[in-house]
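Every chain is numbered from 1 and lettered A, B, ... according to where its sequence line falls, protein lines coming before strand lines.
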Amino acid sequence: MTFYKSISIYFPRAVVIFVIIAINLFGKGDTTSNKVIIDPSIIIKRINEVSKSIKSIECDFIQIKHLSYLSENITSRGAFYYKRENLIRWEYTSPYRYIIVINRDKFIMKDGKTISSFDIKSNELFSELNDIILGCIKGDILKSETKFKFSFFQTGSIYVINLIPVAPKIKEIFKSIEIYFNKSNFDLTDLKMVENTGDFTKIQFINRKYNVNMNEEIFNIK
Amino acid sequence: MKKYLILSSFVFFFTSCSPFYYNSLLKSNKNISSGEINQILSPKVLVSSKYVAHVSALGKEFSGIFVIRELDKDVYRLMLITHTGVTILSLEVTPDKFTVLYCIEQLNNKYFLNLVNNDISTVLYLRIKYKSALMMKDVKNNSDILKLDNDEIQYYCFFDDRERISRIDEVSGSDLKKKILFTLENDGSAKSIEIAHNDYPLNLILERIVDE
């Protein structure tokens, strides 16, 4: 058998074997890294229990906005505060200073020295966004069956809840929303909002502190 | 920066924005050729970058991130996103075409989008339609001003100390309709831009974000 003949016989076989090995390796990798949870009832129960125990959250956040036409992402950082029931403060510190406060029905923004506020219910977009963010923190989001279709996954040390909007208004904005929980303590670690164009915003919550004493004054901007 | 822009706007308003101001300008001895005008209006001030956008429209204040990317020569993609990352306006702009790729319901107003088209095209391409041009002189401030005349509309172009365009006033008769203020970097790109309409409650300030 000549060298070229042996190559022509064995090379296609080698390619087939390589492809089979690759499919096995990477295919298995995919399934283990993103495994569908068929019965999520225990997870839902635990999320509800943990959410009920949370009275306040204080943490830092890193927000990454990915735009398909940009070579780099837009990264913002800041501090996040939540106090039950409906008090939220997003304090952006980098690359610019900006504060957003949700104080019950009021949406307040501070841009430099300019403070503006409006009634959340007067703006459908902000109202939906507020419901989504609060719902993710409080665990209420899992009760929004009329707005989303849910599917549950697990990967490594986290659970992922994938929300596909069914409500027309939310469908106009988002293709999906992914909520990431730590498997060991059911902490909300990440929130990913994917727009219909494929552009997405991922917010990572770090240095989380729960149920710390929090002065309600930080939710009032004057 | 925003404070400076607002302050400078007020100073400008009270010192040089009165109906009498434009009439007080004297014709300069300087002549200007169309080639020189093209050169003045050619620099790209709004470049591919990220800006913090402060918008004041119809009595409401709003802030977000404005992203500009030149996809091809003179073809721009522009996006306005909220601080929390939600896209509210996505545009594709060429010298001849203005395409709204996405716009939230609240901003989807033909008159508003026409204003945006006009403003964005002006700052992106600095293309001003004019029939005649004249160099003027502000004697009080000892500065040269380029006046471009297009029938009912006159454009007054002001310069910084490096003779780069730093302000454009759009005037009808002696009424200021719109002013655009530029603060430029050493390379001529905009560090900040302010667009203020006098006959429509719309004001836009863009401040370039410097990555850390």
Exercise for the section: Step through the shown structure and confirm whether more than 12 heavy atoms of other residues, nucleotides or ligands are within 6.0 Å of CD on B:Glu105. Expected result: no

Practice task
Please round to the nearest 0.5 Å and tell me the distance separating atom CD1 of A:Ile173 and atom OG1 of B:Thr87.
Solution key: 10.0 Å

Exercise for the section: Below 4.5 Å from any heavy atom of chain B, which atoms of A:Lys110 appear? Answer side chain, backbone, both or neither. Expected result: neither

Exercise for the section: For atom CD of A:Glu72, decide whether the heavy atoms of other residues, nucleotides or ligands shown that lie under 6.0 angstrom number more than 12. Expected result: yes

Handout entry: Contact leader toward chain A among B:Thr82, B:Ile104, B:Val67, where contacts are heavy-atom pairs under 4.5 Å
Key = B:Val67

Fill in the blank from the handout: Value for NE2 (B:His54) from CG (A:Asp111), rounded to nearest 0.5 Å, stands at 4.5 Å

Exercise for the section: Examine whether an atom of B:Val86 lies under 4.5 Å from a heavy atom of chain A, and if so say whether it belongs to the side chain, the backbone or both; otherwise answer neither. Expected result: both

Practice task
Heavy-atom distances under 4.5 Å only: say whether A:Ile64 touches chain B with side chain, backbone, both or neither.
Solution key: neither

Exercise for the section: With rounding to the nearest 0.5 Å, note down the distance linking CD1 in B:Ile209 to OG in A:Ser94. Expected result: 9.5 Å

Handout entry: Residue part contacting chain B, namely of A:Ile133, when any heavy atom lies under 4.5 Å
Key = neither

Exercise for the section: Would you mind checking which part of B:Ile88 comes under 4.5 Å of any heavy atom in chain A, side chain (CB onward), backbone (N, CA, C, O), both or neither? Expected result: side chain

Completion exercise
Closest non-hydrogen atoms of A:Ile74 and B:Lys50, given as atom of the first, atom of the second and distance, are CG1-CD, 3.6 Å

Practice task
Pull out the residues in residues 69-77 of chain B that come under 4.5 Å of chain A, heavy atom to heavy atom, sorted by number.
Solution key: B:Arg69, B:Leu71, B:Arg77

Practice task
Using a cut-off of 6.0 Å, state whether more than 12 heavy atoms not belonging to B:Gln39 lie near its atom CD.
Solution key: no

Handout entry: Side-chain donor/acceptor of A:Gln63 to backbone N/O of B:His83, under 3.5 Å
Key = yes

Problem - Any A:Tyr92 side-chain heavy atom under 4.5 Å of B:Thr84 side chain - result: yes

Problem - Crowding at NZ, A:Lys175 (>12 non-hydrogen neighbours, <6.0 Å) - result: no

Handout entry: For A:Asp60, salt bridge (charged side-chain N to carboxylate O under 4.0 Å, His left out) partners two or more places apart
Key = none

Handout entry: Part of residues 193-218 of chain A lying next to chain B, heavy-atom separation under 4.5 Å
Key = A:Met193, A:Glu195, A:Asp199, A:Thr201

Completion exercise
Sorted by chain and number, sequence neighbours left out, side-chain contact (heavy atoms from CB on, under 4.5 Å) with B:Ile153 holds for B:Tyr155, B:Glu170, B:Ser172

Problem - Proximity breakdown for A:Tyr69 and chain B, heavy-atom pairs closer than 4.5 Å - result: both

